[in-house]
Amino acid sequence: MEWIRGQTIGRGSSATVSVATSCQSGDLFAVKSAELFESEFLKREQRILSSLNCPQIVKYLGSDITAENGKLMYNLFMEYVSGGTLTDTIQKQGGRLDEFSIKSHTCEILHGLEYLHSNGLVHCDIKGRNILIGQNGAKIADLGCARWYDEESGGSTTPIAGTPVFMAPEVARGEEQGFHADVWALGCTIIEMATGRAPWTDVQDPVSALYRIAFSGEVPEFPSFLSEKAKDFLSKCLRRDPKQRWTANQLLKHPFLDEPNSDSKRIEVPRTNSPTSILDQDFWDSMEVSETPRNLTHIGFSSNSAIERLRRISSSKIPNWSCEDDWITIRDDNSEESISNFSGEGDQFMTTSDEPTTSSGSDSDWINQEEEEL
């Protein structure tokens with residue numbers, strides 16, 4: 001397929017994400033690119049995406065290798081979703097969603113998870129920033145952390161990975177990362193939809209959060225204004241014993257997802273118009289790349305620290321605090337950048353914004369900023 005690279009809308013340490021246009025049809029799509037010699041992580045994501053076909057999972061469109069500016073580039077093509085991430089939607093809606101919207105998005109995410117799990121895949125990093133909101137509803141994106149899981153053999157040999165405050169207790173302890181871990185993360189994402197924040201907001205750093213998740217015996221606090229059905233649904237997701245958590249298939253039959261839900265408490269928040277152009281969305285600003293998990297023993301914590309105690313739980317499976325690169329925001333909602341002037345392969349346009357996506361100082365400044373690296 002012949003295509004033209006447009007505006008660069010996200011950049012990590014080893015990959016970029018751009019808007020692209022098909023020369024044949026004029027259709028827009030997203031292209032995630034890395035230099036060929038360091039593209040194994042992108043090829044792995046391509047192998048997973050190309051095997052999937054589900055309306056609730058971002059669609060794979062193809063891949064190729066191009067020569068640009070004297071470099072060989074590996075390119076992964078994905079469908080373009082104009083509505084941005086679920087986290088963006090929460091922020092645009094005043095910091096939290098009404099219960100009807102929470103229910104709708106939860107149902108769509110669950111359909112995507114049930115499809116992944118039925119095909120032996122664990123996503124491993126469910127959270128608001130990895131859910132896209134399009135005209136046809138929510139779609140699961142960024143399968144860079146996903147892995148095949150074999151229940152009979154006890155799981156996967158791939159090191160544990162993900163975002164600390166969304167990790168299940170068994171994941172934080174370095175024991176396993178199976179289908180039930182995605183269900184726990186879904187519960188955390190519901191809390192995010194209801195409050196605008198990730199759970200465990202009262203701890204100050206990822207190490208403390210992981211130690212609390214792993215060993216405290218606690219579960220995240222449920223938003224008090226949710227209906228009884230919603231709280232019961234959350235209680236099925238956030239059970240500390242993974243064997244006691246409901247499966248995605250069971251949760252799809254929970255009364256909370258029934259229509260109508262008479263005890264739902266709607267929170268009226270301002271609505272925004274649907275996006276009308278590619279400049280109205282900022283999902284690709286937060287695109288993430290999975291790379292080889294870092295060995296935390298090199299950080300230098302003392303033997304009595306929480307991280308050392310966590311490390312000793314499993315010498316073979318060290319948690320990867322995040323599956324993300326330090327993405328730099330190239331364009332955001334405040335940008336007036338136009339892509340109308342791009343032409344030719346390899347053209348890249350940037351705004352003056354050069355801040356990393358891990359910048360802090362707002363309500364969305366979560367414990368580990370989701371992309372913080374130790």
Side-chain angles (χ1 to χ4, degrees), residues 32 39-63 76-79 106-127 130-132 137-163 166-189 236-239 241-254 257 288-293 314 316-320 322-324:
K32 191 174 182 179
S39 62
E40 285 306 314
F41 71 96
L42 207 52
K43 292 177 180 178
R44 180 178 176 276
E45 187 173 359
Q46 182 273 336
R47 288 192 294 270
I48 293 175
L49 276 177
S50 63
S51 68
L52 306 177
N53 183 19
C54 176
Q56 285 79 40
I57 298 174
V58 66
K59 187 177 181 181
Y60 166 76
L61 299 179
S63 63
L76 174 60
F77 307 144
M78 297 167 287
E79 72 172 303
T106 298
C107 186
E108 291 157 351
I109 296 168
L110 267 175
H111 278 291
L113 282 180
E114 198 279 331
Y115 175 84
L116 289 175
H117 295 173
S118 66
N119 284 276
L121 276 166
V122 187
H123 185 279
C124 299
D125 200 18
I126 291 293
K127 59 183 178 181
N130 287 340
I131 306 297
L132 306 185
K139 292 176 180 281
I140 296 174
D142 197 344
L143 276 76
C145 290
R147 79 275 307 279
W148 303 102
Y149 184 81
D150 185 352
E151 290 183 291
E152 293 183 0
S153 65
S156 168
T157 58
T158 307
I160 283 170
T163 302
F166 289 83
M167 283 182 176
E170 69 275 12
V171 180
R173 291 192 295 267
E175 295 173 354
E176 65 170 332
Q177 193 164 21
F179 305 131
H180 294 294
D182 282 347
V183 172
W184 176 282
L186 173 65
C188 294
T189 304
K236 303 298 190 290
C237 297
L238 297 175
R239 291 181 174 177
D241 183 350
K243 296 179 181 179
Q244 297 299 317
R245 269 174 239 146
W246 281 26
T247 65
N249 186 267
Q250 288 174 316
L251 288 169
L252 283 169
K253 302 171 185 176
H254 191 281
L257 301 183
E288 300 156 349
V289 176
S290 300
E291 295 189 13
T292 303
S314 171
S316 61
K317 291 185 178 179
I318 302 301
N320 174 16
S322 173
C323 271
E324 305 166 355

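All values below were derived from every heavy atom in this structure, side-chain atoms included, with hydrogens, water molecules and symmetry-related copies excluded.
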For the residue pair Phe179 and His117, does the interplanar ring angle fall in the parallel (under 30°), tilted (30 to 60°) or perpendicular (over 60°) class?
tilted

Just by distance, do the side chain of Ser39 and the backbone of Leu42 share a donor-acceptor pair under 3.5 Å?
no

Nearest heavy atoms of Ile131 and Ala138, plus distance in Å:
CG2-CB, 3.8 Å

Is there a side-chain contact between His123 and Leu143 in this structure, where contact means two heavy atoms from C-beta onward sitting under 4.5 Å apart?
yes

Heavy-atom pair with the smallest gap, counting every atom of Ala181 and Val171
CB-CG2, 3.7 Å

Can you tell me if NZ on Lys59 sees more than 12 non-hydrogen neighbours from other groups inside 6.0 Å?
no

Given side chains that start at C-beta, do those of Ile126 and Asn130 come closer than 4.5 Å, heavy atoms only?
no

Determine the minimum heavy-atom distance between Gln56 and His111, stating which atoms define it.
OE1-CB, 3.7 Å

Any chance you could measure Ile57, atom CD1, to Leu116, atom CG, to the nearest 0.5 Å?
3.5 Å

Rounded distance (nearest 0.5 Å) linking atom CG of Leu76 with atom CZ of Arg44:
13.0 Å

Tell me, do Leu251 and Leu113 make a side-chain contact under 4.5 Å, heavy atoms counted?
no

Below 4.5 Å, heavy atoms only, C-beta onward: do Asp142 and Glu45 meet side chain to side chain?
yes

Heavy-atom distance under 4.5 Å between the side chains of Val58 and Ile140, does that happen here?
no

Minimum heavy-atom separation for Val183 and Cys237, please, with both atom names.
O-CB, 3.6 Å

Nearest non-hydrogen partners of Glu176 and Pro242, listed with the distance
OE2-CG, 4.2 Å

Would you say that Arg147 contacts Gln177 through its side chain, given a criterion of any heavy-atom pair below 4.5 Å between the two side chains?
yes

Separation between NZ (Lys236) and OG1 (Thr247), nearest 0.5 Å, reads 12.5 Å

Testing the basics here: between Arg245 and Pro169, what is the closest heavy-atom pair and its distance to 0.1 Å?
NH2-CD, 3.7 Å

Minimum side-chain heavy-atom gap Asn53-Tyr115 below 4.5 Å:
yes

Taken to the nearest 0.5 Å, the spacing of Thr189 OG1 from Trp184 CH2 works out to 12.5 Å

Gap between atom SG of Cys54 and atom CG of Asn119 - 0.5 Å precision
9.0 Å

Contact check, side chains of Tyr149 and Leu121, non-hydrogen atoms, under 4.5 Å:
no

Pairwise distance CE(Met78) to CG(Leu132) - rounded to 0.5 angstrom:
9.5 Å

Kindly say whether Glu114 contributes a backbone atom to a donor-acceptor pair with the side chain of Asn249 at under 3.5 angstrom?
no

